[in-house]
2 protein chains.
Amino acid sequence: MRLSELSRRSGVSVTTIKYYLREGLLPPGRQLSATQAEYDDDHLRRLRLIRALTGVRGLSVSTTRDLLGALEEHTGDIHLLLGLSLGSIGPAASAGPAGEPADAASEGSAERAEVDKLVDELGWVVHKGAPARTTLAETLASLRSLGAPLDRRALLPYARLAERTAALDLDQLEGLDDSSEVMERALVLTVLLEPALLALRRLAQENESARRHADG
Amino acid sequence: MRLSELSRRSGVSVTTIKYYLREGLLPPGRQLSATQAEYDDDHLRRLRLIRALTGVRGLSVSTTRDLLGALEEHTGDIHLLLGLSLGSIGPAASAGPAGEPADAASEGSAERAEVDKLVDELGWVVHKGAPARTTLAETLASLRSLGAPLDRRALLPYARLAERTAALDLDQLEGLDDSSEVMERALVLTVLLEPALLALRRLAQENESARRHADG
DNA sequence: CCATGTTAGACAGTAGAGGTATCCAATGAC
DNA sequence: GTCATTGGATACCTCTACTGTCTAACATGG
């Protein structure tokens, strides 16, 4: 199909698609001549994936590019994809010592040790450099500085529930043969399911709050 | 304390604090004269909370303002806070019929019904207009259009785990007396724990993936 | 062969978010 | 009296995610 047809079928404007091509989110089409290119259903799928990641999940264009790049790069190696590539997709990766405030509860290196100890205690096999470890440590440091500290003991039951959630996630990948299909599904489930899980948690919170106050 | 001291103690620049005051994220200090104002520890706490919400969690300034506003408004009514105010803090609230693409898997009104049915099946007591219902429905619609549909049956075990997560969350609020303290703690735990829970899930995914591939 | 439509590529422009910088007159501390 | 600080106002800046316009080269239907 032509670029204009790709645009019509995806609901994404031609200029925006050109922008994604420029930014390397979408691979170029098969060039038929200097002024003609053909796109296939893979492009349409990819485009829908891009819109879901940026729109529904709210990822930035550059994060989306990195994610899609990791998808191509580690084809067949679902470990690297789950553990490293999808490891941290928060707002900021906070690289380097940026000189935090003097008084603000000493940068969470203590939390990093706590996280490593937790992972150890759980018996999890997780790469030492997994970015999610850092994300977790940062969040704990932040919670502590706000006066709501969570130690290993408090975190452990959450971790056990995360374990079971992850098992459900991996179950969803069963029965898929094609490797690239598995990889894409893994990305979709890991990243796009996040808003759904958070929404479920909020609904459950409201319910639980209602149940506990029912005695009043 | 003075504005400059508040700045020094929080690590946030004076201009940025002024910006937050302008935007209504931080309440004004006690005005001593036309050119003198005093801030207390509440301001410092609030400021740290703002930085945590925008920095760690990545919320926008306007979302943060809404959240903090809800905190003041519903003091004492933890229901409204959990169910309605914190209901949807995703990237976009998608208000109104914005004319989605022609071909893109018919806007998820079917998903909305599915969500309502799920909540019903679970026996959850949740406000009909809870924004998290919409968030959930949108995510499901998006997953379906990407060829990875999750129906009620697949979602149910996730919901049961969310239930237990919410119970842990509410446990954290036990033993707190002061109402405004409970409210702030609820907000912090609901919103700031999110990155931590997602990080735990990703670590657990890597572990589970390693476990399942251990036979190879 | 010509009118019309489409393409890649280049580049400028835009709107919103999240600050940052500067100036101001008033005022408090020393 | 001098100097730092304040609230208030306004201008400016950087980044992100697009959007618009232009050009020269084709393609396609009549």
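Only a predicted model underlies this, so the values are computations on that prediction, with no experimental measurement involved. Letters go in sequence order (proteins before strands), and every chain restarts at 1.
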(message) Is it true that Tyr20(A) and Arg51(A) share a donor-acceptor pair across their side chains at a distance under 3.5 Å?
(response) yes
- Message: Looking only at the side chains, is there a donor atom on one of Thr134(A) and Arg112(A) sitting less than 3.5 Å from an acceptor on the other?
- Response: yes
Euclidean distance, atom [atom1] of residue [X] to atom [atom2] of [N] [Å, nearest integer]:
X: Tyr19(A); N: dC15(D); atom1: OH; atom2: C1'; value: 10 Å
X: Leu6(A); N: dT7(C); atom1: CG; atom2: C1'; value: 13 Å
X: Leu32(A); N: dG5(C); atom1: CG; atom2: C1'; value: 16 Å
X: Arg65(A); N: dA17(D); atom1: CZ; atom2: C1'; value: 12 Å
X: Leu25(B); N: dA17(C); atom1: CG; atom2: C1'; value: 13 Å
X: Ile17(A); N: dG20(D); atom1: CD1; atom2: P; value: 14 Å
X: His43(B); N: dG7(D); atom1: NE2; atom2: P; value: 10 Å
X: Leu26(A); N: dA8(C); atom1: CG; atom2: C1'; value: 14 Å

Short side-chain N/O contact to [N] OP1/OP2 from [X], under 4.0 Å:
X: Ser4(B); N: dA4(D); result: no
X: Tyr20(B); N: dG19(C); result: yes
X: Tyr39(A); N: dA8(C); result: yes

task = Kindly indicate, with the supporting measurements, whether the criterion side-chain contact (heavy atoms from CB on, under 4.5 Å) is fulfilled by Leu161(B) and Leu197(A).
result = CA-CA 10 Å; Leu161(B) 293 175; Leu197(A) 296 182; over 6 Å; no
Ignoring the backbone of [X], work out which of [options] is nearest its side chain.
X: Gln31(A); options: dA8(C), dT21(D), dG7(D); value: dA8(C)
X: Thr16(A); options: dT20(C), dC18(D), dA8(C); value: dC18(D)
X: Arg51(B); options: dG7(D), dG19(C), dT22(C); value: dG19(C)

Looking across every strand, which nucleic acid part, if any, lies under 4.0 Å from [X] by heavy atom: base, sugar-phosphate, or nothing?
X: Ser33(B); value: sugar-phosphate
X: Ser60(A); value: sugar-phosphate
X: Ser13(A); value: sugar-phosphate

Per nearest nucleotide of DNA chain C, the residue lying toward the 5' end, Arg22(B) or Arg2(B), is Arg22(B)
Taking for Leu59(B) and for Gln36(B) the nucleotide of DNA chain C with the nearest heavy atom, the one nearer the 5' end belongs to Leu59(B)
For Met183(B) and His74(B) the tightest heavy-atom approach is CE-O, 2.9 Å
Test side chain to side chain donor-acceptor pair (under 3.5 Å), reference Glu38(A), set Arg30(A), Gln31(A), His43(A), output is Arg30(A)
Comparing nearest nucleotides in DNA chain D, the 5'-proximal residue of the pair Ala34(A), Lys18(A) is Lys18(A)
